[in-house]
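Scroll down for the structure; my scribbles are underneath it.
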2 protein chains.
Amino acid sequence: MGAMRTKNVADEVTRAALDLFSTRGYANTSVQQIVEAAGVTKGAMYHYFTSKDDLLFAIYERMLSLQKSRLDEITARGGAPEEVLRAVCVDVLETSIEFLPEGTVFFRSVHMLSEERQKEVTRRRREYNDEFATIIERGQAAGVFRDDVPTAVLIAHFFSDVHYLSHWYRPEGPETKTEVAQQVTDLFLRSIRKET
Amino acid sequence: MGAMRTKNVADEVTRAALDLFSTRGYANTSVQQIVEAAGVTKGAMYHYFTSKDDLLFAIYERMLSLQKSRLDEITARGGAPEEVLRAVCVDVLETSIEFLPEGTVFFRSVHMLSEERQKEVTRRRREYNDEFATIIERGQAAGVFRDDVPTAVLIAHFFSDVHYLSHWYRPEGPETKTEVAQQVTDLFLRSIRKET
DNA sequence: CTCATCAAACCGACTAGACGGTATGATCGC
DNA sequence: GCGATCATACCGTCTAGTCGGTTTGATGAG
């Protein structure tokens, strides 16, 4: 009877939505397709989510809080700017590879969210960005990072790699996520290090 | 008489579509909105385009052929790998900034094209990619570029910057397109140069 | 010049169906 | 019998694309 059927509706729906959004795109996925893939009905779904939009936001929410908490943890440990930056870069790259479908959906469909929720996403990303900028500025003050290029360009140069992962990295490919994270971080650190 | 051509319906529609797709997104833009913004009627539009999809592809087509022909031109000039690579990078970055709305639409909405046309886009981009890879491989053979990191990672590291431009660069911001193109190219070249 | 002819360009009301969301009520643990 | 959890049928809206008809402009005969 009930013992078998304890699957969480909300989780199943989120999982199915992530899968469909990342492969077919948000706009090309109907609520009907989602609930069918999740093995539930529309009524059940709308009991837990207020809209399709809400479903998309849930995916973002999970990723944003995860990455932010990991960043906080690393910066809290402290250390030399270059080592902190290295740890942060490797971590966000690895995490982004682990959550590759989320990333695909993220960068492709933010603009489909309501104005209000886009603002929220932007706010949260700016928080992350500012904390990242602080690390770089500490490095510049310590004379280990270059300051002849605008900080905004340096930051964009790194986050571009994070964004682009979902466009080229394939888990079944030759490199592990750890290798790629190290390699990309090295490339980035090499380019921002002050030449001696 | 060519000089005094009446305003071309196809051009007006393409322009309006680009504008709306880049601001509201492909899925959020109706054909009706496009034709209204272009000052034409649906009938006129469907006389020149077979579908909404067709309109999106036209935007891609223009960008793909432009960038490919520029790449061909630069490689045809020849020269030392590092200088060729620098010229190619600066050029694609500058061009991408000039065509920022196209880029926004491009990276956001490729997956909305028909399977067939996605294949075509992929094919054309691979052509560009392969030519780019050849330059890097020549540099590696000449001993000026590092070969301790997979070429695929090096390439992705550069194209990530190109993709990401539309996410952060603002024409009204402090840096000109030429400055940014130079700065980003320098960062990239620094990271792929073999250390001596 | 006038007018007939024809094809391309263009118009816009209309359709068919998909889709997000809801109203209603059944089921069940407590 | 009461709230939470879901199932089902349904609704109003929106939209890509169509189609019969109209305008325009080029051509050429008289």
Side-chain angles (χ1 to χ4, degrees), chain A residues 1-21 23-60 105 109-118, chain B residues 1-21 23-60 105 109-118:
Chain A
M1 271 261 291
M4 283 276 287
R5 284 211 159 259
T6 35
K7 276 266 183 198
N8 192 334
V9 172
D11 283 353
E12 278 302 300
V13 170
T14 310
R15 197 193 48 72
L18 173 61
D19 182 44
L20 288 166
F21 289 168
T23 54
R24 302 199 191 328
Y26 177 78
N28 282 339
T29 303
S30 71
V31 172
Q32 195 57 45
Q33 288 174 304
I34 295 170
V35 297
E36 270 164 27
V40 301
T41 61
K42 255 195 195 184
M45 191 220 106
Y46 274 99
H47 183 72
Y48 293 98
F49 299 93
T50 67
S51 64
K52 189 186 173 189
D53 179 296
D54 198 30
L55 221 42
L56 183 58
F57 187 72
I59 294 172
Y60 290 172
V105 176
S109 310
V110 217
H111 64 289
M112 304 295 272
L113 284 174
S114 69
E115 193 95 2
E116 194 180 313
R117 284 185 151 161
Q118 276 188 56
Chain B
M1 32 174 36
M4 198 46 205
R5 214 75 187 114
T6 60
K7 67 167 188 243
N8 194 334
V9 171
D11 283 353
E12 280 300 301
V13 170
T14 310
R15 197 193 47 72
L18 172 61
D19 182 42
L20 289 166
F21 289 168
T23 53
R24 303 204 199 311
Y26 177 78
N28 283 338
T29 304
S30 72
V31 173
Q32 196 57 46
Q33 287 174 304
I34 296 169
V35 298
E36 270 164 26
V40 302
T41 62
K42 244 188 186 182
M45 192 221 107
Y46 275 101
H47 185 73
Y48 293 98
F49 299 92
T50 68
S51 62
K52 189 185 173 189
D53 178 299
D54 199 31
L55 220 43
L56 184 59
F57 187 73
I59 294 171
Y60 291 171
V105 176
S109 311
V110 217
H111 64 288
M112 304 296 272
L113 284 173
S114 68
E115 193 95 2
E116 195 180 311
R117 283 184 152 161
Q118 276 190 55

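Within every chain, numbering begins at 1; the chains are lettered A, B, ... in the order of the sequence lines, protein sequences first and strands thereafter.
Rounded to an integer number of Å, the gap from E12(A) CD to dC6(D) C1' is 16 Å. The separation between N8(A) atom CG and dA4(D) atom C1' is 14 Å, rounded to whole Å. Atom CZ in R24(B) sits about 16 Å away from atom C1' in dT15(D), given to the nearest Å. Between N28(A) atom CG and dC19(C) atom P there is a gap of 9 Å when expressed in whole angstrom units. For the pair I34(A) CD1 and dC19(C) P, the computed distance is 11 Å after rounding to whole Å. Look at CG on L20(B): it is 15 Å from C1' on dT15(D), rounded to the nearest Å.
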Output one line per pair: protein atom, nucleotide atom from nucleotides 20-22 of chain C, and distance, for all N/O pairs under 3.5 Å.
from    : atom 1 : to     : atom 2 : distance (Å)
dG20(C) : OP1    : K52(A) : NZ     : 3.0
dG20(C) : OP2    : V31(A) : N      : 2.8
dG20(C) : N7     : K42(A) : NZ     : 3.2
dG21(C) : OP2    : Y46(A) : OH     : 2.9
dG21(C) : OP2    : K52(A) : N      : 2.9
dG21(C) : N7     : K42(A) : NZ     : 2.9
dG21(C) : O6     : K42(A) : NZ     : 2.5

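Proximity of H47(A) to the phosphate of dT5(D): a side-chain N or O atom is located under 4.0 Å from OP1 or OP2.
K52(B) forms a cation-pi arrangement with Y26(B), by the criterion of a distance under 6.0 Å to the ring centre and an angle within 45° of the ring axis.
The CD1 atom of I34(A) sits 6.0 Å away from atom OG1 of T29(A), with the distance rounded to the nearest 0.5 Å. Rounded to the nearest 0.5 Å, atoms CD (Q33(B)) and CG (L20(B)) are 6.5 Å apart.
Contact record, S114(B) with D53(B): N-OD2, 3.0 Å, taken as the closest heavy-atom pair. Listed here is the closest heavy atom pair of M45(B) and V31(B): SD-CG1, 3.7 Å.
Set against dC6(D), dA7(D), dC11(C), the side chain of T41(A) has dA7(D) as its closest nucleotide.
Residues in residues 33-53 of chain A take part in no ring-ring contact (aromatic ring centres under 6.0 Å, His included) pair, two or more places apart or across chains.
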